[in-house]
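What you see below is based on every heavy atom in this structure, not just the backbone, and it leaves out hydrogens, waters and symmetry mates. When a residue number appears, it is its place in the shown sequence, counting from 1.
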Amino acid sequence: MLGYILKRLLLMVPTLIGALTITFVVIQFVPGGPVEQLMAEARTSEKAGAGEGIAYKAGRDSDAKQIAELKKLYGFDKPAHERYVEMIGNFLRFDLGRSFLHNKDVWTLIKEKLPVSISLGLWTFVLSYLVSVPLGVAKAVREGSRFDALTSLLVLLGYAIPGFVLGVLLIVLFAGGSFVEWFPLRGLVSDNWAELSWPARVADYLWHLTLPLICMTIGSFAVTTMLTKNTFVEEIRKQYVLVARAKGLSPRRVLYKHVFRNALIPLVTAFPAAFVGAFFAGSVLIETLFSLDGLGLLAYESIVRRDYPVVLGSLWLFTLIGLLVKLLSDLLYVVVDPRVQFGAVGR
């Protein structure tokens, strides 16, 4: 087991380097780099009567000397291969560089955005599994019943509604749109959160998260629920279940002692995609809609504004987390099914 873990950890290094290399190569062919972005913004500021400054002068003069200064400032005066080697060396030392746009260390930016992404991702993941797994088991036990048909209709209907469309509807109905204003529309907590008591802080935090979490979880129930149901139905129909029932074991004992352990393996397989997806996928529109400044919005803005250190740093972090969670899910196979022996693979 230890040898398998070490092998997987070592394989993460070329995987990370490969992801960074592909992104770095693509970046070299993307038009409108940070220098061009800065000059375009400077020209816009000039037309609007902006003050002096290096960005303003670059936009006003746009001569070779000013452009060269900007390229040197951002490190684009070096050849691509030198910048690539320097980037890989820095990333292997966990140095993600400095943001062009925010003029902050990328690690500092990521830590500032983490509370929002952790709140949305962790609660989405927990709520979806707390609802989907028991619901899937109940559907499997009552396969073909009205309960099964009705719950399938409801979860598939929720899956068909895009989260941002639901978000707009909830804002109109409950966040001061056209009807009532029961929920806030901005931020993770209120401005006076630090002055509140701990029970009031928890209530305020959950109050702000209610609408975003509804938008993010409503569509995540379907996949996990149907996967759980189909897995349990397949296990219930197997021969060992019939033998266990023939021995006089109660249906409940058969379900939770025999079926549950075998049916849990596909659910463990789905953990990485569900966990990482809850944190980093599909949250950009929700964060924008509810004015939540998280990692999804940061990554999107950095791509649009060509803030390459943040783009590469976010990619590096997302890839690393995905690889670690995938390793964890593989190790959970041994917990769920002791017959799995990684050391026997390839013998």
Side-chain angles (χ1 to χ4, degrees), residues 1-30 33-38 68-119 121-122 272-273 275-281 283-284 293-331:
M1 176 65 72
L2 181 60
Y4 174 79
I5 295 175
L6 291 175
K7 184 186 297 184
R8 288 289 298 271
L9 291 175
L10 291 175
L11 286 174
M12 289 181 187
V13 177
T15 304
L16 286 168
I17 293 177
L20 290 173
T21 301
I22 294 173
T23 307
F24 182 85
V25 171
V26 171
I27 284 174
Q28 307 311 306
F29 299 97
V30 174
V35 175
E36 290 78 6
Q37 290 272 336
L38 181 61
E69 289 181 2
L70 289 173
K71 287 186 175 180
K72 184 177 181 180
L73 176 65
Y74 293 128
F76 290 102
D77 57 328
K78 301 176 183 178
H81 66 277
E82 291 185 12
R83 288 188 281 117
Y84 170 77
V85 173
E86 182 179 349
M87 177 197 71
I88 294 297
N90 290 337
F91 274 55
L92 291 178
R93 295 195 304 269
F94 290 85
D95 179 8
L96 304 186
R98 195 170 186 83
S99 168
F100 297 153
L101 179 62
H102 301 276
N103 195 28
K104 289 183 179 180
D105 186 77
V106 175
W107 272 120
T108 302
L109 275 175
I110 290 175
K111 286 187 290 186
E112 289 176 356
K113 314 300 181 182
L114 268 179
V116 172
S117 295
I118 290 176
S119 296
L122 187 60
F275 186 81
V276 177
F279 269 84
F280 306 117
S283 62
V284 176
D293 195 8
L295 287 176
L297 188 58
L298 174 67
Y300 172 75
E301 289 181 346
S302 64
I303 293 172
V304 173
R305 303 291 296 276
R306 307 295 192 269
D307 197 352
Y308 295 147
V310 179
V311 173
L312 293 167
S314 301
L315 173 71
W316 184 87
L317 178 64
F318 296 170
T319 305
L320 179 61
I321 291 176
L323 291 172
L324 290 174
V325 173
K326 178 62 178 174
L327 174 60
L328 178 61
S329 72
D330 289 344
L331 297 179

[X] side chain near [Y] side chain, heavy-atom distance below 4.5 Å:
X	Y	value
F24	R83	yes
R305	V310	no
Y84	M87	yes
L11	L323	no
L317	V106	no

Rounded to the nearest 0.5 Å, what separates atom [atom1] in [X] from atom [atom2] in [Y]?
X	Y	atom1	atom2	value
I27	I22	CD1	CD1	12.0 Å
L312	F91	CG	CZ	5.0 Å
L16	W316	CG	CH2	7.0 Å
L109	R98	CG	CZ	9.0 Å
L315	L96	CG	CG	11.0 Å
T23	Y308	OG1	OH	12.0 Å

Tell me, which pairs form a salt bridge (Lys or Arg N to Asp or Glu O under 4.0 Å) where one or both residues lie in residues 102-115, sequence neighbours left out?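 Residue pairs passing salt bridge (Lys or Arg N to Asp or Glu O under 4.0 Å), neighbours aside: K104-E112, K113-D293.
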
Partners of I303 by side chain to side chain contact (heavy atoms under 4.5 Å, CB included), sequence neighbours excluded?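 V311.
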
So, does S117 use its side chain to make a donor-acceptor pair with the main chain of L295 at under 3.5 Å?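 It does hold such a pair.
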
Do other residues, nucleotides or ligands put more than 12 heavy atoms under 6.0 Å from Y300 OH? no

Those residues that, when tested against E82, pass salt bridge (Lys or Arg N to Asp or Glu O under 4.0 Å) (two or more places apart): none

Where do T108 and H102 land on the side chain to side chain contact (heavy atoms under 4.5 Å, CB included) test, with the steps shown first? CA-CA 10 Å; T108 302; H102 301 276; over 6 Å; no

If the plane angle is over 60° it's perpendicular, under 30° parallel, otherwise tilted; pick one for F94 and W107. parallel

Start with the C-alpha distance between L9 and L327, add both sets of side-chain angles, then the distance that settles side chain to side chain contact (heavy atoms under 4.5 Å, CB included), and finish with yes or no. CA-CA 9 Å; L9 291 175; L327 174 60; 4.0 Å; yes

